[in-house]
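First the structure, in the form of structure tokens, and then the observations on it.
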Amino acid sequence: MAKVGIVTSRAVSLKNVAHDIADALRRNGHEVHVFTQILSVVDARRMFEKCVIITVFSPISVPSWFMLWRDLNKSGVPSKLYVTIEGEPKPHLIYDWLKRDCRVVANSYYTKNVLEESGIMVEDVVHHGIDLDLIKRAKELKPPIRKNSDKVLFGFVANAQVRKGHDKLAQAIKHVKDKVPEAEFYILTEPTAARHYAGLENAHVDTRFGKFSREQVLALIGAFDFYLGVTLSEGFGLPVLEAQAMGVPVIYVDYAPLNEIVEPKHNFAISYQSVEKIDVGHGIYYTLHMYDPLELVSMIEAACQLRQDKRAYLKTKRAVSQHARKFNSIKLYPRLVG
């Protein structure tokens, strides 16, 4: 087996994927090392025989990662450029030589379609995987929160960025209080997002986002009765898949890539009413799928009704958990070094 280097940035989500890939490859017999900064080709050739580079396909930052990928392949170190994107890359920033020479592996068919429409060559799609051993360990942990036995707990885990949709969710929670009084909400996020939920007595905001281990976050998700996959823009949506792996049904906005990874019969889909594009200076027009908060309220009400039927709810939990097992990281990620 090979010595493999996995190179990415310091972004929490990308580091999580990097370590998931590393664990999967180690179980397949590879020696793997993770680096959270760009390496020189000289150092990379000295340390490993194959490489997986993980990044967001932003025209501003991706050229540096592309050059590492190109030079490693030219130097005899087979490498893959594994990418995600949450919108459309700004076309005027995409160099012609990126269109001509760059070949990437997409993390979803959504990412593939967006990049191909921008003239980027996509050689494969490898969905993010679930570490089933990690899921097992998380299920064995003591639940990190206490639930009221007479309440139905809905959870949401996301950073504070605009495209995560905290404002929309807060609008829905406000309406829920009177219509669905048995519903409670737990939001794990960053401090700057807490303002959206000010004054909402049925919402607990935990501002320790990024402070917990993976097992702790998964254990938290596993304590929810339902997970809210209501971010407005995603390149994959790993928490939606992780929730299902923990046996937690999901209410999700029905757009790609979220609808690539959910079990459609036992989760709850809400439609989006319009698509907006925003520019925050990252080289990407982020695509926001705007839904009606009142439709989310209706789905929360339906979920609470399901929760009252113990047999049906347990059947749903088993179905979504079984679906998530199709994304076994040990089977998916070896394709990145094959």
Side-chain angles (χ1 to χ4, degrees), residues 3-28 30-40 43-44 47-48 50-58 60-62 64-66 68-69 72 79-86 104-108 111 126-135 137-138 157-161 163-164 188-191 193 206-221 231 233-243 245-246 257 261 282 284 327 329-330 332-337:
K3 293 181 179 179
V4 180
I6 299 178
V7 185
T8 190
S9 71
R10 298 181 185 275
V12 172
S13 60
L14 296 182
K15 286 195 296 183
N16 285 342
V17 171
H19 287 291
D20 285 349
I21 295 172
D23 289 341
L25 296 182
R26 289 184 186 114
R27 290 176 199 162
N28 278 272
H30 297 286
E31 179 183 331
V32 187
H33 300 278
V34 177
F35 303 89
T36 55
Q37 60 184 16
I38 292 181
L39 303 175
S40 71
D43 288 338
M47 290 186 288
F48 43 81
K50 295 184 177 183
C51 183
V52 180
I53 301 166
I54 308 168
T55 190
V56 175
F57 196 96
S58 165
I60 293 175
S61 60
V62 82
S64 299
W65 300 101
F66 161 77
L68 176 61
W69 168 82
L72 284 173
S79 302
K80 299 288 187 182
L81 190 56
Y82 187 40
V83 302
T84 186
I85 194 168
E86 297 181 27
V104 304
V105 177
N107 69 333
S108 65
T111 296
V126 176
H127 284 118
H128 290 326
I130 290 292
D131 183 339
L132 297 180
D133 287 342
L134 180 65
I135 295 295
R137 294 197 301 272
V157 178
N159 62 36
Q161 294 174 6
R163 59 187 185 272
K164 298 306 178 182
L188 177 62
T189 188
E190 296 170 304
D206 186 337
T207 58
R208 293 175 292 174
F209 182 89
K211 305 297 184 182
F212 296 108
S213 69
R214 288 291 299 285
E215 287 93 341
Q216 290 173 320
V217 173
L218 288 170
L220 174 66
I221 291 174
T231 52
S233 180
E234 290 290 350
F236 184 78
L238 189 57
V240 166
L241 186 57
E242 291 173 332
M246 292 296 294
I261 60 174
H282 293 169
I284 298 170
F327 294 83
S329 60
I330 295 178
L332 288 174
Y333 287 142
R335 288 165 53 190
L336 294 172
V337 295

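This chain uses plain numbering: 1 for the first residue, then up along the sequence. What you see below is based on every heavy atom in this structure, not just the backbone, and it leaves out hydrogens, waters and symmetry mates. This one's a predicted model, so the numbers in the text were calculated from it and none came from an experiment.
Residues Leu241 and Phe236 have side chains in contact (heavy-atom distance under 4.5 Å, counting atoms from C-beta outward). Side-chain atoms of His33 and Met47, non-hydrogen and from C-beta on, never get closer than 4.5 Å to each other. Side-chain contact check for Phe48 versus Leu39: some heavy-atom pair is nearer than 4.5 Å. Considering only heavy atoms from C-beta on, Lys80 stays 4.5 Å or farther from Val337 through its side chain.
With sequence neighbours left out, the side-chain contact (heavy atoms from CB on, under 4.5 Å) criterion links Gln216 to Phe212, Ser213. For Phe209, there are no ring pair (Phe, Tyr, Trp, His ring centres under 6.0 Å) partners, not counting sequence neighbours. Contacts of Tyr82 classified as ring pair (Phe, Tyr, Trp, His ring centres under 6.0 Å), with partners at least two apart in sequence or in another chain: His128. Taking the ring pair (Phe, Tyr, Trp, His ring centres under 6.0 Å) definition, one finds that His282 meets it with Tyr286, sequence neighbours left out. Listed by chain and number, the residues in a side chain to side chain donor-acceptor pair (under 3.5 Å) with Asn28 amount to none (sequence neighbours excluded). Trp65 pairs by the ring pair (Phe, Tyr, Trp, His ring centres under 6.0 Å) definition with nothing, not counting sequence neighbours. Val83 is linked by a side-chain contact (heavy atoms from CB on, under 4.5 Å) to Thr55, Phe57, Leu81, Val104, Thr111, Leu115, counting only residues two or more places apart in sequence or in another chain. For Pro257, the side-chain contact (heavy atoms from CB on, under 4.5 Å) test picks out Ser108, Tyr110, Glu234, Tyr255, Glu260, with sequence neighbours left out. For Val56, the side-chain contact (heavy atoms from CB on, under 4.5 Å) partners are Leu14, Thr84, Ile284, not counting sequence neighbours. Legend: residues meeting salt bridge (Lys or Arg N to Asp or Glu O under 4.0 Å) with Glu190, ordered by chain and number and at least two apart, are absent. The salt bridge (Lys or Arg N to Asp or Glu O under 4.0 Å) test applied to Arg27 returns Asp131, Asp133, not counting sequence neighbours.
With values rounded to the nearest 0.5 angstrom, Leu332 atom CG is found 12.0 Å from Asn107 atom CG. Once rounded to the nearest 0.5 Å, the distance linking CG of Leu238 with CD1 of Ile130 reads 5.5 Å. Considering CG of Leu188 and CG of Asn159, their distance stands at 10.5 Å, rounded to 0.5 Å. Separation of atoms OG (Ser79) and CG (Leu336) is listed at 11.5 Å; rounding is to 0.5 Å.
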**OP:** Go through the steps to decide whether Glu215 and Leu134 satisfy the test side chain to side chain contact (heavy atoms under 4.5 Å, CB included), and finish with yes or no.
**Re:** CA-CA 7 Å; Glu215 287 93 341; Leu134 180 65; 3.4 Å; yes
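When all heavy atoms of Cys51 and Val7 are compared, the closest pair comes out as SG-CG2, 3.9 Å. Looking at every heavy atom in both residues, Ala22 comes nearest to Ile6 through N-CD1, 3.5 Å. Looking at every heavy atom in both residues, Leu25 comes nearest to Pro334 through CD2-CA, 3.8 Å. Contact detail for Ala219 and Ala138: the closest heavy-atom pair is CB-O, 3.7 Å. Closest non-hydrogen pair, Ala158 versus Thr231, comes out as CB-CG2, 4.5 Å.
Between His127 and Phe327, the ring planes are perpendicular. Angles over 60° get that label, and only those under 30° would be called parallel.
Applying the side chain to side chain donor-acceptor pair (under 3.5 Å) test to pairs two or more places apart or on separate chains, those with a residue in residues 7-22 are Asp20-Arg214.
Between the Ser233 side chain and the Glu86 main chain, a donor and an acceptor come within less than 3.5 Å of each other.
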